[in-house]
Asker: 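Dumping the structure here so I can ask a few things about it.
All figures in this text were calculated on a predicted structure; none of them were measured in a lab. Counting starts at 1 for both ligands and their atoms, following the listed order.
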Amino acid sequence: MDLKLVKHSKPSRNIIIALFEGEKLSDYIESHYSAEDTRLIALFIKKKGRVAYETANTLFLPSGNTAIVLGKGTRDAWNVRRARILVRRAIMEMKRAGLDEATLIAESILGPGNLIEESELIGTEATMADFSFNQYKSAPEEGWATVKTISIAIDISPSELKEAEGALAKGIIIGEETNHTRHLSNTPGGDMTPAKLADEARRAARLTGMKVVIFQEPQIKRLGMGGVLGVSRGSNERPRFIILEHKGKGATGKPLVLVGKGVTFDTGGLNTKPGESMYEMHMDMSGGAAVIHAMAAIARLKLPIHVVGLVPAVENMPSGSSYHPGDVLRSITGKTIEILNTDAEGRVILADALGYAARYNPRFVVDIATLTGAAMGALGTRANALFTDDGKYERLLRDLGEKSGDYMWPMPMWEEYAEDVKGTLGDVANMGKGRYGGAITAAMFLKEFVSYPWAHIDMAPTMTTNESDRLAKGAKGTGVRFFVELARYMAEHPQE
Ligand code: BES
Ligand code: ZN
Ligand code: ZN
């Protein structure tokens, strides 16, 4: 898809117009369309009386042009969340109407906000909306609906245009890397093994100039990563430990470390998941994919910051060599893990990754994982569960969530919860004692392996898209936009 900014004076074939309830057609349209086309659109809007929120109308005009009219809701309710969805709706409606080219009236998409931020948002969200995952499907006779060109018509000065173009290009990078994570997550488990995930990390590193190191099993053993080794024991696929590093020009001080769960398929192990719960468990490496491609985005944006990405990659399978409930594994930190349930494998491999992260003397570590069904029980499927000990970071990460579109909602990690994960035979148990608060128990478990400022994101709630996201079905690509915002913030606020 080619996304570009143009001036309003350039006539267009197909136009996307978004209107508040009761809003009249802007004069801009006249610079794109003939008087007759413009009159017909205006007539349609007048007849409709009210272009309601979330409605879309496609008008085939006598000149052969097509106009899509989207309802934006009331002016009062308008916000950046709605703007994000509106951009996606525009692309979706184009595909539905079979348009491969259209002009978006920027003024109707943008809020009263900052032109630069909004140009970036259009770049990211349009790119995300353009994503589809058809690799495993035969093409329909008429071919897949694709969007070739989107022109964003805007009325700004040449210097502003230059700035907006820069922002749009950055937005496209973030959208592309988000789509790469969606591709990795959607890829079936048989085709996305720990070794393949490591290959993808290598490829991303080669394309973006990052440093990459992949540990294979002997090295993982030597380092004492008993958690990674334990979980991977039941599978024929051998584990990998992926390390990516970006050190931007001018980066000083301690690094930011991102850690992502890379379970390429989660059967539950010997505590095998029932059939319907195993569905989509090829996406249990979504946190790892987000780390790989957030790193790639940060490198492509040349952010002046030192960032390290760590992804423990395993497959969780039942077999004669599987780890068992009751096993006690020794993690890299020396703390032992008592396995109460082999399906709580994510935290077990993350324990080693978080332990390994200490070697970087990090400024801040954030892990992201499709960790618990309980997080979905608590929050539904729109917000990620955010855990951190530090009130300052809690506020910051929530705000960055809002800014990026990867929404975060805070959960408690009080010391009172700690007894839930006390081990009987080992130091820490990989499952809580009670029936409730499973997302919190998982966070409390991870905390045992942490010795630096840290936050944990349980992204199970947003592993896949919702209908209302107006994105393709399947993986949502959570984390990339968020980590880019976090890296930017860290770069702009060097440690005192
Ligand atoms: N990968 C799952 C969590 C999950 C479930 C992610 C649904 C996305 C959608 C995780 O490894 C798991 O199985 N967790 C268990 C933990 C329990 C055994 C303590 C769970 O949530 O049931
Ligand atoms: Zn599991
Ligand atoms: Zn899992």
Asker: Kindly state whether the ring of Tyr452 and the ring of Tyr360 have centres lying under 6.0 angstrom apart.
Answerer: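 Tyr452 vs Tyr360: aromatic centres not under 6.0 Å.
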
Asker: Could you tell me whether some N/O pair between Gly346 and ligand 1 is separated by less than 3.5 angstrom?
Answerer: no

Asker: Considering only non-hydrogen protein atoms, determine which one is nearest to atom 15 (C) of ligand 1 and report residue, atom name and distance to 0.1 Å.
Answerer: Asp343 O, 4.1 Å

Asker: Establish, from distance only, whether the side-chain atoms of Asp458 and Thr372 form a donor-acceptor pair under 3.5 Å.
Answerer: yes

Asker: Heavy-atom contacts under 4.0 Å between Asn271 and ligand 1: side chain, backbone, both, or neither?
Answerer: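 Neither; no heavy atom under 4.0 Å.
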
Asker: Within the structure, is a non-hydrogen atom of Lys261 found at a distance of less than 4.0 Å from ligand 1?
Answerer: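 Lys261: in contact with ligand 1 (<4.0 Å).
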
Asker: Tell me the protein heavy atom at minimum distance from atom 19 (C) of ligand 1, and give that distance in Å.
Answerer: Met431 CG, 3.4 Å

Asker: Using atom types as modelled and distance alone, determine if a side-chain donor or acceptor of Asp469 lies under 3.5 Å from a backbone N or O of Asn466.
Answerer: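 Yes; at least one donor-acceptor contact below 3.5 Å.
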
Asker: Would atom 13 (O) of ligand 1 count as contacted, meaning some protein heavy atom under 4.0 Å?
Answerer: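 Protein heavy atom within 4.0 Å of atom 13 (O) of ligand 1: present.
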
Asker: How long is the span from the CD atom in Glu419 to the CE atom in Met444, to the nearest 0.5 Å?
Answerer: 10.0 Å

Asker: Tell me the protein heavy atom at minimum distance from atom 2 (C) of ligand 1, and give that distance in Å.
Answerer: Asp266 OD2, 3.6 Å

Asker: Please check if the side chain of Arg398 supplies one atom and the backbone of Leu386 the other of a donor-acceptor pair under 3.5 Å.
Answerer: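 Between the backbone of Leu386 and the side chain of Arg398 there is no qualifying donor-acceptor contact (under 3.5 Å).
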
Asker: Can you tell me if Arg347 has a non-hydrogen atom under 4.0 Å from ligand 1?
Answerer: yes

Asker: Nearest protein heavy-atom contact for atom 21 (O) of ligand 1: which residue, which atom, what distance?
Answerer: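 Checking every protein heavy atom, the shortest distance to atom 21 (O) of ligand 1 gives Gly373 N, 2.7 Å.
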
Asker: Among all the protein's non-hydrogen atoms, which is closest to atom 10 (C) of ligand 1, and how far away is it?
Answerer: Leu371 O, 3.2 Å

Asker: Using a strict cut-off of 4.0 Å, indicate which atoms of ligand 1 neighbour a heavy atom of Met281.
Answerer: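 Counting from 1, the qualifying ligand atoms are 1 (N), 4 (C), 5 (C), 6 (C), 7 (C), 8 (C), 9 (C).
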
Asker: I'd like to check which ligand 1 atoms, numbered from 1 as shown, lie under 4.0 Å from a non-hydrogen atom of Glu345.
Answerer: 11 (O)

Asker: Run the salt-bridge test on Asp199 and Arg203 with the 4.0 Å N-O cut-off and return the result as yes or no.
Answerer: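 No, this pair does not count.
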
Asker: How about Leu371 and His456: do any of their side-chain heavy atoms sit closer than 4.5 Å?
Answerer: yes

Asker: Below the 2.8 Å mark, what number of protein N, O or S atoms do you get around the Zn ion (ligand 3)?
Answerer: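 My tally for this metal is 4.
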
Asker: Should you measure from each heavy atom of Ala460, which atoms of ligand 1 turn up under 4.0 Å away?
Answerer: 6 (C), 8 (C)

Asker: Relative to the heavy atoms of Lys273, which atoms of ligand 1 are at a distance of less than 4.0 Å?
Answerer: 2 (C), 12 (C), 13 (O)

Asker: Within a 6.0 Å radius of atom CZ on Arg330, are there more than 12 heavy atoms belonging to other residues, nucleotides or ligands?
Answerer: no

Asker: Numbering the atoms of ligand 1 from 1, which are under 4.0 Å from a heavy atom of Asn341?
Answerer: 18 (C)

Asker: Go through Asp427 and Thr336 one step at a time and tell me if the side chain to side chain donor-acceptor pair (under 3.5 Å) criterion holds.
Answerer: CA-CA 5 Å; Asp427 295 328; Thr336 56; 3.2 Å; yes

Asker: What heavy-atom pair brings Met210 and Met295 nearest, and what distance separates the two atoms?
Answerer: SD-CB, 3.5 Å

